[in-house]
Amino acid sequence: PNLSNKGAYNQHTHIYSHEHVAVVVEYARLRGIRVVPEFDTPGHVRSWGVGHPELVSKCLLPDDPKDRVIVDDRVVQFHANGPLDPTKNSTYDFMKKLLGEVNEVFPDDALFLGGDEVPPACWNSNPMFKEFMRLHGISTYAGLEVFYVQKLLAIVEGLERKRTPIVWQEVFDNGANLKKDVVVDVWKGWASADWPSELGRVTSSGHRVILSAPWYLNYIGYGEDWRKYYTFDPTDFRGTQEQKKLVLGGEACMWG
């Protein structure tokens, strides 16, 4: 309960209770809409650290006027809001409990696990993570994220009701060992138009894919910028017909 009690903007007005979720799911169902939850980890968890500081990585950031501590004769700032800590068994115990609850509340078969935009600065700042990586033969921070994701996918696989995991493209790009049922969401390359090559790479590996890159609605332009959204074809990339059959469709994103 501390995720919302302490992490929400307002624990009374800005949360979703189980009853709220049920109302949304049923309202959508009657209109032919599926509600797919996303619990994005290990990054994007700043609010989690407010209610559960033991879950997040302990970052040692550059000198700051407040919250100073001494580490190896050096003054640094202690900051608790890094990514989830992938080195603790308790992190995975918490995720197992959380996803078990999600499994009961959300009826859709798909479950979005996130995996995007994990900042390496926190893990790089703390020698504890470097030592953990050395002991486990992990050479990059992307590899440390993969370590976490593989354990998370194992938790999802063990849920009582089978789920179809969805991950952001970084999980695929970082070399995670993904089973063929994992769906990859391609969101990068909206400005450089590099998304067709990413679609080719993902589908050539046999994974189903969702394309988000061209449809970020929060990038507001002048004039009739909506026209361009109707010109993109998510199957417009170099690949076989079998690859293009793996494209589930597009996703329009609106981030606050």
With the 4.5 Å side-chain cut-off for hydrophobic clustering, are Y230 and L217 part of the same group?
yes
Grouping I, L, V, M, F, W and Y whenever their side-chain heavy atoms are under 4.5 Å apart, do I15 and F39 come out in a common cluster?
no
Nearest heavy atoms of K58 and E54, plus distance in Å:
NZ-CA, 4.1 Å
Do the non-hydrogen side-chain atoms of V171 and V184 ever get within less than 4.5 Å of each other?
no
Closest non-hydrogen atoms of V35 and A28, given as atom of the first, atom of the second and distance, are CG2-CB, 3.7 Å
Minimum heavy-atom separation for L144 to I138, with atom names?
N-CG2, 3.5 Å
S90 meets the side-chain contact (heavy atoms from CB on, under 4.5 Å) criterion, sequence neighbours left out, with K88
Any side-chain heavy atom of N124 sitting closer than 4.5 Å to one from Y141?
yes
Are D181 and K162 side-chain neighbours, meaning at least one heavy-atom pair lies under 4.5 Å?
yes
Those residues that, when tested against L246, pass side-chain contact (heavy atoms from CB on, under 4.5 Å) (two or more places apart):
T203, R208
Does NZ or CZ of R31 fall inside the cone over Y27's six-membered ring, less than 6.0 Å from its centre and within 45° of the axis?
yes
Pairing residues for H14 by the ring pair (Phe, Tyr, Trp, His ring centres under 6.0 Å) criterion, not counting sequence neighbours
Y9
Any side-chain heavy-atom pair of E145 and P42 under 4.5 Å:
yes
Non-neighbouring partners of H52 that pass ring pair (Phe, Tyr, Trp, His ring centres under 6.0 Å), sequence neighbours left out:
F94
Is any side-chain heavy atom of P127 less than 4.5 Å from a side-chain heavy atom of L60?
yes
Ignoring hydrogens, what is the shortest heavy-atom contact between C122 and G82? Give both atom names and the distance.
SG-CA, 3.9 Å
Are there over 12 heavy-atom neighbours, none belonging to R238, within less than 6.0 Å of that residue's CZ?
no
Heavy atoms of other groups near K96 NZ, more than 12 under 6.0 Å:
no
Listed pairs under 3.5 Å, donor-acceptor, residues 146-153 side chains, sequence neighbours left out:
{"residue": "Y148", "atom": "OH", "partner": "T41", "partner atom": "OG1", "Å": "2.6"}
{"residue": "Q150", "atom": "OE1", "partner": "N177", "partner atom": "N", "Å": "2.5"}
{"residue": "Q150", "atom": "NE2", "partner": "N177", "partner atom": "O", "Å": "3.3"}

Is the shortest side-chain N to carboxylate O distance from D173 to R201 below 4.0 Å?
no
With sequence neighbours left out, what residues match K245 under salt bridge (charged side-chain N to carboxylate O under 4.0 Å, His left out)?
E242
Show me the donor-acceptor pairs within less than 3.5 Å that the side chains of residues 104-121 make with the rest of the protein, sequence neighbours left out.
{"residue": "D108", "atom": "OD1", "partner": "R34", "partner atom": "NE", "Å": "2.7"}
{"residue": "D108", "atom": "OD2", "partner": "R34", "partner atom": "NH2", "Å": "2.9"}
{"residue": "D108", "atom": "OD2", "partner": "A110", "partner atom": "N", "Å": "2.9"}
{"residue": "E117", "atom": "OE1", "partner": "H44", "partner atom": "NE2", "Å": "2.8"}

Can you see which heavy atom on E160 is nearest to which on N103, and at what distance?
N-ND2, 3.9 Å
Return the set of residues passing side-chain contact (heavy atoms from CB on, under 4.5 Å) with K188 (not counting sequence neighbours), or none when no residue passes.
Q169, E170
W187 side chain near L211 side chain, heavy-atom distance below 4.5 Å
no
Please determine whether the number of non-hydrogen atoms from other residues, nucleotides or ligands lying under 6.0 Å from atom NZ of K6 exceeds 12.
no
Once salt bridge (charged side-chain N to carboxylate O under 4.0 Å, His left out) is applied, do any residues pair with K179, and if so which ones, sequence neighbours excluded?
E157
According to the interplanar angle, ranging from 0 to 90°, do the rings of F232 and W215 count as parallel (below 30°), tilted (30 to 60°) or perpendicular (above 60°)?
perpendicular
Does any non-hydrogen side-chain atom of Y16 lie less than 4.5 Å from one of S4?
no
Pairwise side-chain contact, W255 with Y216, heavy-atom cut-off 4.5 Å (strictly under)
yes
Under 3.5 Å, is there a donor-acceptor pair linking the side chains of T91 and D85?
no
With sequence neighbours left out, the residues meeting side-chain contact (heavy atoms from CB on, under 4.5 Å) with D93 are none
Using the test salt bridge (charged side-chain N to carboxylate O under 4.0 Å, His left out), find all partners of E131 that sit at least two apart in sequence or belong to another chain.
R134
Taking only residues two or more places apart in sequence, or in another chain, which ones meet E19 in a salt bridge (charged side-chain N to carboxylate O under 4.0 Å, His left out)?
none
